[in-house]
Amino acid sequence: MTRITGGLIDRGTSLSFTFDGKTYSGHPGDTLASALLANGVRLMGRSFKYHRPRGVFAAGSEEPNAMVELREGARREPNTRATVAELYEGLVAKSQNRVGPLSCDVLAVNDVLSPFFAAGFYYKTFMWPRAFWEKLYEPVIRRAAGLGQLSMQADPDDYDSGFLHCDLLVIGGGAAGLAAALTAGRAGARVLLADEDFRLGGRLLSERDPLGGIPAVDWIAGLEAELDSLPNVRILRRTTVFGAYDHGIYGAVERVADHLKTPGAQVRQSLWRITAKRTVLAAGATERHIPFADNDRPGIMLAGAMRSYANRWAVTPQAHAADPVAIFTNNDDGHRTALDLMAQDVPVLGVIDTRSDAPKLGDYTLFPDATVTGSKGRLGLTQIQITRAGQSTWVDCAALGVSGGWNPNVHLTSHHRGRLVWDAATQSFLPGPGGPEGMHVAGAAAGRGQTGLALADGAKAAVAALAQIGMSASLPELPAPEATADILTLYWHVPSKKRAWVDFQNDVTVKDIALAHQENMRPVEHLKRWTTLGMATDQGKTANVTALAVMAELSGKSIPETGTTIFRPPYTGVAISTLGGGDSGDSFRPRRLTPTHSWAAARGAVFTEVGAWMRAQYYPQTGETHWRQTVDREAKAVRAGVGLCDVTTLGKIDVQGADATTFLNRVYANMMGTLKVGRVRYGLMLREDGFLYDDGTCARLAEDHYVVTTTTGNAGLVYRNLEFARQCMWPELDVHLISTTDAWAQLAVAGPNARSLLSRIVDDFDLSNDAFPFMACSTLTICNGLRARLFRISFSGELAYELAVPARYGNAVMQRLAEQGADLGVTPYGIEALSVLRIEKGHAAGAELNGQTTADMIGLGMMVSRKKDSIGAVMSRRDGLAQDSRRMVGLQPVEPTHTVTPGAHLFAQGDPQDMAHDQGWITSACYSPHVGSSIGLGFLLQGDNRMGEIVIAANPLAGETTQLRIVPSHFVDPEGERLRA
Amino acid sequence: MKFSALRVVKEALTGHKGWKPLWRNPQPQPDYDIVIVGGGGHGLATAYYLAKTFGKARIAVLEKGWIGSGNVGRNTTIVRSNYLLPGNQPFYEFSMKLWEGLEQELNFNAMVSQRGIINLFHTDAQRDAFRRRGNAMHLSGADAVLLDRDALRQKVPFLNYDNARFPIKGGLWQPRAGTARHDGVAWGYARGADMLGVDIIQNCEVTGFRINAGRVRGVETTRGYIGAAKVGVAVAGSSSRVMAMAGQRLPIESHVLQAFVSEGLKPVIPGVITFGAGHFYISQSDKGGLVFGGDIDGYNSYAQRGNLPVVEDVAQGGMALMPMIGRARLLRSWGGLVDMSMDGSPIIDRTAIDGLYLNGGWCYGGFKATPASGFAFAHLLATDRPHETATAYRLDRFATGHVIDERGAGAQPNLH
Amino acid sequence: MLIPHPLLGLRDAEEFVYLGDASLMQRPDPDSPTALTDFCDYVFLRDNPAGVHRELWFHEQGDRSWLVVTRNTLTHEILGAELATDAARPTVTQEPSA
């Protein structure tokens, strides 16, 4: 055990947890990493490529090494950083990316073979023999690569997403962030304070310095209490702001229940879309390390992390309390770690400082102008080699803290591709121009990390940010601890013939960077991509700047000349479940139900998806064993008696105004201006590029009132286009539009008995053929006063009507019609029968109106009026459209038992079946109970001139060819006598 | 220098001292026979095939940043030839065949991995449309298999078959499709072109064209004027900007397409899978990251970054289709700048200016076309005739009405 | 993104459907002798600038108005938005009184 005194853990409570099956104990306030260290566990994982033994390297979300599979079963979470996993009772974690036990991973053989696995090696080999890549090399590589394992089960937890709005978003709850939130909170601004940690305070929690004369943690508690008391301030703990998007919008994930064994009734995580008028980024800084030979052993960690473990979690990094600890640094901050460890009676063997003028801040051995040049210890550090003036000595050392200075966490400032600026004074990249609008950067993230500076900076940033939105705030009284001199001398890596790791997780060493330089992979992005530097789960938070410095040194250029990398969202990994907001499975998208849904459901209808709609597909009856039986029965019933079908999903647009006629004449390709009141006309709409895109009916209910119908799929598009025509092209017209698709239930009543059935529910309305002929329309009342609209239109080719009633009456009217028609053979039919009926009648639908076809192609070219202009008319005359000779035809198998298959391509008999001889394709097909065989529709070259010809339908996917006869597309009642009856 | 396993072993044993630069950093010459503007996949491939197949010399590729910094370095690495229309399918199948021999051709392992692509369908109408497409693939000599639900479930059992808002009814499978290591493709062509004497000039931005009597004479660059008898522009994403310098307006809008990669995971997804009822497609890289994406953001943009609604939309699609990825974490997202053309298909053609040629309009599908695009553009530059598989990619097709509109969406770039 | 709707204030761009260049409002004269060329240019060719762009957005999940938004395509900064009906008319006219 290496637990020491102090720390922000609740020693009164013990939490039991397991790692790789072994049970340990920790306390509330611990992370998995701190608890494992407290139990003397240093080996926590394996690296990606060489499977090197690895321990904890950092104390926060930048951790590259200590990654585990957290939780079990369907809740397993691969690649979880032990350094941010909050300990809870019963936590279960497993190490990952290993074959065999963690301590003797078989794949560690890669480490021995590492000379063969230099940067980019795989681009140079595995090319012979060709077929071996997919069969041998790649599977082996894939199995060895990857990190943690998914459970392969659906995530059982709930998630949600929501919107938050604020005047000021403060990102980071350390010194600068707390000061900013306090300043803005007191000024009455709506403040959101988000911090990724489970405890506010940031770096303050890791230091021993008092604040305002009291322990820092007490000072934080006082401030937190005040913030909590302000109704205009909301603190989001355990919340990572992961991305900066346009116009002050930020993405954030709140880990609502990750500190619990299971979320219980809560969601596991929430996705917040935060709209902030202004933002203070106070994300702190990340310490950098100094690569040296064999610098990746468990026990070697960032000096600042070592300090965090000692001060916040009361653990020391060595397995046994008596083992010596050393610090390797190029700056004063490293010395502070030594002092803090000594204050806890940790044996510090010395501070190795690269500077010749290194200060000695306490009673420890100082090795100035010295470096660490090697390390030993297979599964954990046992010795380091200290080199000074060419003299190297091996000394026993169980833990080494490394400090190479600090990199401001500027990530979010460059999410808008803002360029970072190299600052010579702090020797770091600072936020440059082009950052997200309204973002102010404060504290360590802006290179002003010392506590006093950060506090003042945060407050000032809040005042400045609020001033921009017209709010005044005053600077609060804040502690002003004295700044300490911090002289950092640039020292980027210890040269060595051995491997010195820069990017730990992906095993990128100084040598790899040198090789990239040698092979002319020098631009930063080439370096990254050639070596995989910075592409691991930590996104190079502890590696990128160091790598850049090494490349700069190799190419004799300055760091800013060498380049920077662009940071991209997310700041740290976000679960895909969370980004999906919980809308998985059945709740992926909402369902639209038709007004008669419950009636159809009660009738046992089978429903199917039509866009967002659920529509009755068919209505099976007892004894029917196959859907075809049902559909045949329904189709025959329509042709013989009367059928009922809900067609509400077709788009409906009310068009009103003095210029409605002019307007419609411009948006329909065919002549609409001559339509009389009380009549309906079929209409075609073209896109402006001349292709057909929708068809439907246009009914004139009054001089200045029309009802336009569209196909189901294009209801939204047609409405949008009509509004475009009205508002953007012809705003001078007096015309108004409203979509009424959902306002009116529309029911098709089709079949020879349709008139008889309707006559039983209309109120005093003459349905006779003379009074209300084919293509008539009228408003009326039914069922003793219910207002309705009646259209005598037919999709089936039978005597048919469509009856519209206010949507809330749809279900009742359907029920009434079904009751009233019992003796007339009334039959509900679904969209399968609807489709059979329309194919038999040769009406084009979605498969024919697919956006690639013209009015000519569906045989309605004559409808595109040349007497007037309309949308698409001019462009429809381009050669490519006008000379396209493919035409819609009917298709019937020569051998009646054969099937017409949609998607088969058509060929002239005797032609080779290749793309050059392709003459068309089959769009729709069905079994026709009327014809007594399979029938279809399709497009065929010169189709209108080839009636009676036999063509070949080729379906090479199934290895089939079928002989089909070209027939007119009207399989039923070609003269249209039935629908006019 | 020839790359081989033997060479890797030899270098490993001798401290990697022998590896040479993959390409030179030459100074630009005062003039060239052919200048390619754009050091992305298409530009580098064009230069390679010009030198290799068409025997051309005195060729330069001008790249404003570092080679491979455009879409070839920021795509989701899918290669496939599963198109419908006769203007497209033979071209993409030609590309597929070039992919199949790419490593041997270039002596560079671009990790072309033919693990297949499955496009899922969720309705009978989608199935019929895929049958038409799969048959078109067969007719052009490509491979395709129409999988029903049971066959699909055997191949990819981890999809949500039992609780889906849009039930999975099957899929169109192209076994020969797959992925390739995108950077490796750019580097392989660059190295190959360099070895054949092509000057690859990085950090050289074209700032103007010198045009005289209707003929291009050369290009102004940030590294001075460079004369050229012929100039080929292959800068998809920025085609409009570059061609505007030559006074040309194009049937193209620039849009942002986001892409996503998860943290590394042990292998779970065998090939490429696309969702037919939402905007989502996915594969898994050799390193273990789930590589996925969805729809373009939908507005004109040169910002190379997108917004949250698309991120959420894509994640929702993923969760609807395969909820077992939910506890994997998104590691990185990025935005690419794509040329969205007015019919969703590319342009490889001469322009109104003699000696100036355009290769662009690749929408979000340029990566898979890289080899054929390079080959066809080289053919056009070398012979002034379109390659036989690229005859439809004409600039005048919009005026004549011979558009190649796979989606049937018309002149609405964000719907393609 | 947030779109400053001239009547409704800042609205999330998700409520809108994007069409493209505002030049689509200038439908050519179909009776001109050069109509076919004019329409081809109108339908297919775009300036596609990297910078300030006037473009059309439809407030589909809102008040169903078409807006002309002026936006920088390099930075996504929005410089203004107006109702397309206002932009389409040469001058803004008052609502006629009843």
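Proteins get letters first, then strands, A, B, ... in listed order; numbering begins at 1 in each. These numbers come from a predicted model, not from an experiment.
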Verdict with reasoning, B:M111 to A:E138, per side-chain contact (heavy atoms from CB on, under 4.5 Å)
CA-CA 8 Å; B:M111 290 171 247; A:E138 192 182 39; 5.7 Å; no
Is there a side-chain contact (heavy atoms from CB on, under 4.5 Å) between B:R332 and A:Q539 once you walk through the steps?
CA-CA 8 Å; B:R332 190 172 166 89; A:Q539 291 276 285; 2.9 Å; yes
Stepwise side-chain contact (heavy atoms from CB on, under 4.5 Å) test for B:R327 and A:D157:
CA-CA 10 Å; B:R327 291 180 99 92; A:D157 291 337; 2.9 Å; yes
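In this structure, chain B has a heavy atom under 4.5 Å from the side chain of A:R268, while its backbone stays farther away. With a 4.5 Å cut-off on non-hydrogen atoms, B:F292 touches chain A through its side chain but not through its backbone. With a 4.5 Å cut-off on non-hydrogen atoms, B:S333 touches chain A through its backbone and its side chain both. For B:E11, no part sits under 4.5 Å from any heavy atom of chain A, backbone or side chain. Interface remark: A:Y693 contributes no atoms to any contact with chain B (heavy atom separation under 4.5 Å). Both the backbone and the side chain of B:N163 come within less than 4.5 Å of a heavy atom in chain A. Contacts between A:A882 and chain B at a heavy-atom distance below 4.5 Å are absent for every atom of the residue. Of the two parts of A:P523, only the side chain, counted from C-beta on, holds a non-hydrogen atom closer than 4.5 Å to a non-hydrogen atom of chain B. Residue A:L113 does not touch chain B at all, counting heavy-atom pairs closer than 4.5 Å.
Note: A:W530 and B:F108 have parallel aromatic rings, judged against thresholds of 30 and 60 degrees for the angle between ring planes.
Considering only heavy atoms from C-beta on, A:R878 stays 4.5 Å or farther from B:T400 through its side chain.
With no hydrogens or angles considered, a side-chain donor-acceptor pair links B:R329 and A:T80 at under 3.5 Å.
Of all the listed residues (B:S113, B:G288, B:A399), the one sharing the greatest number of non-hydrogen pairs under 4.5 Å with chain A is B:S113.
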